[in-house]
Number of protein chains: 2
Amino acid sequence: MAIKRAKTMEDIARLANVSKPTVSRALRNSPLVTEETRRHVLDVATKHGYVINRNAQKLRESRANTIAVVLDFSSHRENRISDPFIFNLLAGVSEALGQRDQDLLLCSPAHSSVESLGSITTSRGADGIIFLGEGGRRDDLIALAERAVPFVVWGAVEKTLPYCAVGSDNFQGGFLAAKHLLDQGRSRFLFIGDTHHAEINLRRQGFIKALSEEMGARAANLVVSDMSLDDFSYGASHRAATEMVKGPRPVPDAIFAASDTAAMAVISAFRAAGLSVPEDVSVVGYNDIPASEHFHPPLTSVRQDVHVAGALLVEKLMLAIEGRSPQSTMLETRLIVRASS
Amino acid sequence: MAIKRAKTMEDIARLANVSKPTVSRALRNSPLVTEETRRHVLDVATKHGYVINRNAQKLRESRANTIAVVLDFSSHRENRISDPFIFNLLAGVSEALGQRDQDLLLCSPAHSSVESLGSITTSRGADGIIFLGEGGRRDDLIALAERAVPFVVWGAVEKTLPYCAVGSDNFQGGFLAAKHLLDQGRSRFLFIGDTHHAEINLRRQGFIKALSEEMGARAANLVVSDMSLDDFSYGASHRAATEMVKGPRPVPDAIFAASDTAAMAVISAFRAAGLSVPEDVSVVGYNDIPASEHFHPPLTSVRQDVHVAGALLVEKLMLAIEGRSPQSTMLETRLIVRASS
DNA sequence: ATGAAAGCGCTAACAC
DNA sequence: GTGTTAGCGCTTTCAT
């Protein structure tokens, strides 16, 4: 059997007795071609299994119809961090891109600096970039905003950012968590999370805000403490919580952890130390990952709609690519109350 | 500010006082260029922030250095199926591709038939395809194997497959699970899983095999039953298990569920019915998803190395692209014993 | 409504 | 070692 060279537009043109541009127009549903000709061309094309060469098309056109999505796997793999939230987000983005017929180029930042990621657009491999998480590279992102690279970021939303961000309303999430814990009659509060992350810090601010509003009413007998973790893995959280339980009494009776994984670890450590959840201590997590519902006890958590998030990220990026300047948006958060609180 | 047109190779050539091909050679570290010239060209290129146009390059070259990865998000989203195993696999593949400097084009089968996915290679958007899960489209994959499209599949590994597959040794996994349950002195066995899936069916076969080997020794007082679920979600599994507990006694005292999610659901249902795990019933799951370790009780599960799996998938696909015919491979499975059994 | 010609940015063949 | 020429497969003028 002879080597099969893929059919080109020229081949189809010859087979259909028309010219190359006519084939092009027919395939693109141009109004400049007779319905009859179009039918004929399409017939011939499908019969011969013709598929357009995307690379030639991309070279010729100004747009690649491809979006680069940057997702930091590495931090997830090494410690089996188990917070699958980011994957749900990826699914949301994937679907939104599919609806717009955009290809999704998945990039890992591990192998490439933000600098070189920026060049993915100038190298015309993609029209724009979606960063799923700022991953401690905010400075790089700010630098990238200077260059004419269309991109949007899932992460903390702040007025001062020079780029478009979409993110959960972290402040509101923390606020809701605190309100709920106050409603349970708790008084010794603990916040768990690495406040070096902007998102986490906002959650803490909302948390504190709700508590301080309450201060007056409750004769200032509220106690707020912090446990900062720079490693969100289950293991690290568990160790830290175990240490804490061994420490000075009384231990907190209300915990807000900035991730479900950490919340689960803490619950586990507390129970191992003989404390009951929610009897002795109420716990609230963040992200409402699927496992939270099945945890024992089922975990109260702050949920955000990843589906909407994905659609929003894509929509804004499209605007950015068209040269407009989309606004950042915060997504409503919702407290899913379960047995852990 | 004037509109910035991206610099082309020609621009760099002019700026460096050399010809276009020389720039090309310099960038590609061709031995056909003086070290001095190369330095000079590279200097000019970096100084002017030149990045090569990947589309032009792809059009010209026979390879795109891009791999399409097909991942069925939809089944995961709708019922929050929560088995993040496939994402870990994606991470493994992503890393392996990164190491080989291959781009990863993420495709959702929802928007595209296998037929059209096959054309992604002929359209030169990618050199080959990695299917992460056969997702009930085995017939399509078999059809695709007829066409000259390089692809590999994560899924069931069987001698008769006309394509290259990489997968966990499902038979061995089921076998190990049964052996372990037998070691716990159990006698009323239940297998949970949709045996229409080839992978699941193999797990069941290994499970049955181990039990039947034991039959002789134990005076045939073993009981084996099945619970088939066509929906692996936590909710469906939970409902089915709840029904079962209400049914005729005695209930099983040893359960092997073909996914961790289902295992968790069953444990939860059984405990709600007043049964204890592992006192009354031992449970073993499959995949060892991160949540398994944190479940209550921690779940015994069959683990497979996704990191190795990703590397293997990529390696074999590369061979396929080079025109060779890589062999299918089964990955060793390991039983991670935890408190649930 | 259709065709002829030009050119997107790159690399491979061939000259020198 | 370097430059010249040609062409990858497509879309877009510009004719007709």
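Note on naming: letters A, B, ... go to the chains in the order of the sequence lines (proteins, then strands), and numbering restarts at 1 for each one.
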For the side chain of [X], counting heavy atoms from C-beta on, which of [options] is nearest?
X	options	result
B/Met9	C/dT2, C/dT11, D/dT2	C/dT11
A/Thr8	C/dT11, D/dC10, D/dT2	D/dC10
A/Leu59	D/dG9, C/dA1, D/dG3	D/dG9
B/Ser24	D/dC10, C/dG3, C/dT11	C/dT11

Is any side-chain heavy atom of B/Val93 less than 4.5 Å from a side-chain heavy atom of B/Val69?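 Touching, per the 4.5 Å side-chain cut-off.
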Side-chain contact test, heavy atoms from C-beta onward, threshold under 4.5 Å: evaluate it for A/Leu27 versus A/Met9 and give yes or no.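 In short, these two side chains touch, coming nearer than 4.5 Å.
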Would A/Asn65 and A/Asp101 count as a side chain to side chain contact (heavy atoms under 4.5 Å, CB included) here? Give the steps. CA-CA 7 Å; A/Asn65 289 317; A/Asp101 207 29; over 6 Å; no
With DNA chain D as reference, determine whether A/Arg25 or B/Val18 sits nearer its 5' end, using the nearest nucleotide of each.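 Of the two residues, B/Val18 wins.
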Most 5' of B/Ser19 and B/Ala56 on DNA chain D, judged by nearest nucleotide: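 Between the two, 5'-proximity favours B/Ser19.
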Can you list the steps and then say if B/Leu97 with B/Met318 is a side chain to side chain contact (heavy atoms under 4.5 Å, CB included)? CA-CA 10 Å; B/Leu97 286 176; B/Met318 292 303 160; 4.2 Å; yes
Given A/Phe151, which of A/Thr121, A/Ile321, A/Ile67, A/Leu144 fulfils the side chain to side chain contact (heavy atoms under 4.5 Å, CB included) condition?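 When A/Thr121, A/Ile321, A/Ile67, A/Leu144 are each tested with A/Phe151, the side chain to side chain contact (heavy atoms under 4.5 Å, CB included) holds only for A/Leu144.
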Side-chain-base donor-acceptor pair under 3.5 Å for A/Arg54 and D/dG9: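 Side chain to base: no pair present.
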Base of D/dG9 paired with side chain of B/Arg60 (donor-acceptor, under 3.5 Å):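 No such pair is found, so the answer is no.
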Report the C-alpha distance between B/Arg138 and B/Leu161 in whole Å, list the side-chain angles of each, state the deciding distance to 0.1 Å, and finish with yes or no for side chain to side chain contact (heavy atoms under 4.5 Å, CB included). CA-CA 10 Å; B/Arg138 176 176 289 202; B/Leu161 289 178; 3.7 Å; yes
Less than 4.0 Å between a side-chain N and a carboxylate O, is that true for A/Glu35 and A/Arg38?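 The answer is yes: the pair qualifies as a salt bridge.
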Looking only at side-chain N and O atoms, does [X] come under 4.0 Å of OP1 or OP2 in [N]?
X	N	answer
A/Thr22	C/dG3	yes
A/Tyr50	D/dC10	yes
B/Gln57	C/dG9	no

Angle between the end axes of the helix from C/dA1-D/dT16 to C/dC16-D/dG1, five pairs per end, to the nearest 10 degrees?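 Inter-axis angle at the ends, rounded: 30°.
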To the nearest angstrom, how far is [X] atom [atom1] from [N] atom [atom2]?
X	N	atom1	atom2	answer
B/Lys20	C/dC8	NZ	C1'	10 Å
A/Asn53	D/dG9	CG	C1'	6 Å
B/Asn17	D/dG3	CG	P	9 Å
A/Asp11	D/dC10	CG	C1'	13 Å
B/Leu32	C/dA15	CG	C1'	14 Å
B/Ile52	C/dT11	CD1	P	4 Å
A/Lys58	C/dG7	NZ	C1'	20 Å
B/Asn55	C/dG7	CG	C1'	16 Å

Within the 4.0 Å heavy-atom criterion, would you say A/Ser62 contacts the bases, only the backbone, or no part of the nucleic acid?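 Nothing, no heavy atom under 4.0 Å.
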A/Tyr163 and A/Ile142: CA distance, side-chain angles, deciding distance, side chain to side chain contact (heavy atoms under 4.5 Å, CB included) verdict: CA-CA 7 Å; A/Tyr163 53 80; A/Ile142 291 175; 4.1 Å; yes
